[in-house]
Amino acid sequence: MPPMKKTILSGSTVTGNLTLGNYIGAINNWRQLQDDYDCLYFLADLHALTVHQDPAILRERIYSFFAQYLALGLDPQKNIIFAQSHVHEHTELSWILTCLTPMGALNRMTQFKEKSAKHTKNINAGLFTYPTLMAADILLYQADLVPVGEDQKQHLELCRDLVGTFENHYGKGLLKMPEPYIGKTGARVMSLQDPIKKMSKSDEVEKNFVAVIEDPKSIEKKIKSAATDSGSEIRFDPEMKPGVSNLLTIYSVLAGKSMAELEAAYAGKMYGHLKVDLAELVVETLRPARERYADLMKNRDHLDQLLASGAARAQVRAQETLKKVYQAVGLVPRKA
Ligand code: TRP
């Protein structure tokens, strides 16, 4: 029987450091969905390989991201949490989809253009076909809803186009058409030094982000030295005051207070006051996660077991879709 709850699926590419932006923009929202939806969250480790990775660092980072998901409150019983590479159906479906994807469509992808401009020495075919793997991630699980940031909307659109193409060739009803999930808060955390840009986990400039597992002293320092704007009024106005508005966004989500409340509380105060309070709020919000994280990372066997059970649960579902797709495209089923 299909699950009664709607299915939500999302993942993050395992590169860089999970940041306060990932927490506020993604993981914190995922956590709030875990009771009301059928949720799958995965570590997009294969997507990480589109950029050259040091193997030892990648392996460590996969454990680290997984432990951070758990430490931030994603429950491995309520959700299916797994590593993409543990469910080989992802790459298999991605091949079928790659064969349905026009080169021209991939050529139009903004992220491909940006990444190939950045990694000029490694413009590999994986970077180009990245969106077809992402489409496979989504379609394998018949996801209804996909929470994605602005930068991934185009990829989701391509995934939706692929459902259409697949249906034109092979008939309707095999793959669910996914919709973007727009969260309630929709908060987008910006870079601390350059608040016009999104806070990015692959930012090489340390001062631009706060990592989830960063030590309190360093968090404090970064927040206190965040870029602010001319004038001195504490007011939410992303156009005119991007720096202060970013600090207010973080504050508002972590404290559960509205902008109006915060503006009233800080009327007549200085940027410095806001920063001191915010630094403490961020440190105290992340402290329990950082402690849980340290414990989780000490026991790799436990992490391995949780990953294995997540993968097993995911695979049952992935297999079902892949089998139908292979059948539909005309492959001969392998007999036992
Ligand atoms: N491309 C996404 C990112 O970099 C990660 C991702 C891979 C993803 N597959 C996905 C997100 C499927 C949502 C659904 O953030």
Side-chain angles (χ1 to χ4, degrees), residues 6-19 21-27 29-30 33 37-51 53 58 61-62 65-66 68-69 74 79-94 97-98 101 106 109-116 118-119 126-163 175-183 188-189 198-203 209 212 310 314 317-318 321:
K6 286 205 167 190
T7 298
I8 285 200
L9 170 135
S10 198
S12 26
T13 303
V14 189
T15 44
N17 305 281
L18 285 178
T19 68
N22 297 115
Y23 174 65
I24 289 177
I27 301 167
N29 298 326
W30 299 353
L33 299 169
Y37 293 89
D38 162 43
C39 302
L40 298 112
Y41 298 117
F42 68 98
L43 304 157
D45 49 3
L46 296 173
H47 275 105
L49 294 172
T50 55
V51 174
Q53 304 287 338
L58 177 61
R61 190 177 283 135
I62 295 168
F65 271 37
F66 182 55
Q68 288 180 67
Y69 276 15
L74 291 186
N79 307 287
I80 301 183
I81 312 177
F82 63 102
Q84 183 184 33
S85 63
H86 288 178
V87 183
H88 56 73
E89 285 78 0
H90 288 244
T91 45
E92 292 175 87
L93 181 59
S94 108
L97 298 174
T98 300
T101 308
L106 294 175
M109 295 291 125
T110 314
Q111 192 176 71
F112 172 68
K113 289 186 211 162
E114 283 171 7
K115 287 202 181 171
S116 44
K118 191 169 161 201
H119 304 279
L127 200 58
F128 190 62
T129 61
Y130 181 114
T132 63
L133 178 57
M134 178 161 163
D137 300 336
I138 297 167
L139 299 178
L140 266 183
Y141 300 98
Q142 311 284 346
D144 296 286
L145 297 166
V146 185
V148 284
E150 205 49 51
D151 59 329
Q152 299 296 318
K153 286 230 173 95
Q154 202 184 20
H155 293 161
L156 185 57
E157 215 31 65
L158 180 82
C159 173
R160 291 168 50 85
D161 289 346
L162 281 169
V163 174
L175 300 174
K176 173 86 62 77
M177 181 69 87
E179 308 283 339
Y181 177 85
I182 315 291
R188 190 153 175 251
V189 177
K198 186 178 155 182
M199 184 180 284
S200 157
K201 65 178 158 46
S202 329
D203 203 319
F209 63 86
V212 166
R317 298 173 56 166
T321 302

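Whatever order the structure lists ligands and atoms in, that order sets their numbers, starting from 1.
- Comparing F42, Y130, Y41 by heavy-atom distance to atom 10 (C) of ligand 1, the nearest is F42.
- Atoms of ligand 1 found under 4.0 Å from any heavy atom of V146, numbered from 1 in the order shown, are 13 (C), 14 (C).
- Nearest protein heavy-atom contact of atom 9 (N) of ligand 1 is D137 OD2, 2.6 Å.
- The distance from ligand 1 to the heavy atoms of S10 drops below 4.0 Å at these ligand atoms: 13 (C).
- Remark: aromatic rings of H90 and Y141 are close, center separation under 6.0 Å.
- In terms of N/O distances under 3.5 Å, ligand 1 is approached by T13.
- Formation of a donor-acceptor pair under 3.5 Å by the T19 side chain with backbone atoms of N22 is found in this model.
- D38 and R317 are joined by a salt bridge, as a carboxylate oxygen and a charged side-chain nitrogen come within less than 4.0 angstrom of each other.
- When only modelled atom types and interatomic distance are considered, Y69 and S12 share a side-chain donor-acceptor pair under 3.5 Å.
- Taking the charged nitrogens against the carboxylate oxygens, E179 and R160 do have a contact shorter than 4.0 Å, which makes a salt bridge.
- Considering both main-chain and side-chain atoms, Q152 comes within under 3.5 Å of ligand 1 through a nitrogen or oxygen pair.
- Taking every heavy atom of L9 and a limit of under 4.0 angstrom, the matching atoms of ligand 1 come to 12 (C), 14 (C).
- Annotation: Q111 places no N or O atom under 3.5 Å from an N or O atom of ligand 1; distance criterion only.
- A salt bridge links D144 and K176; the closest N-O separation between the charged side-chain nitrogens and carboxylate oxygens is under 4.0 Å.
- The six-membered or imidazole ring of Y130 lies near that of H155, with a centre-to-centre distance under 6.0 Å.
- For ligand 1 and I138, the ligand atoms under 4.0 Å from any heavy atom of the residue are 12 (C), 14 (C).
- Looking at H47 against ligand 1, only its side chain comes within 4.0 Å, counting heavy atoms.
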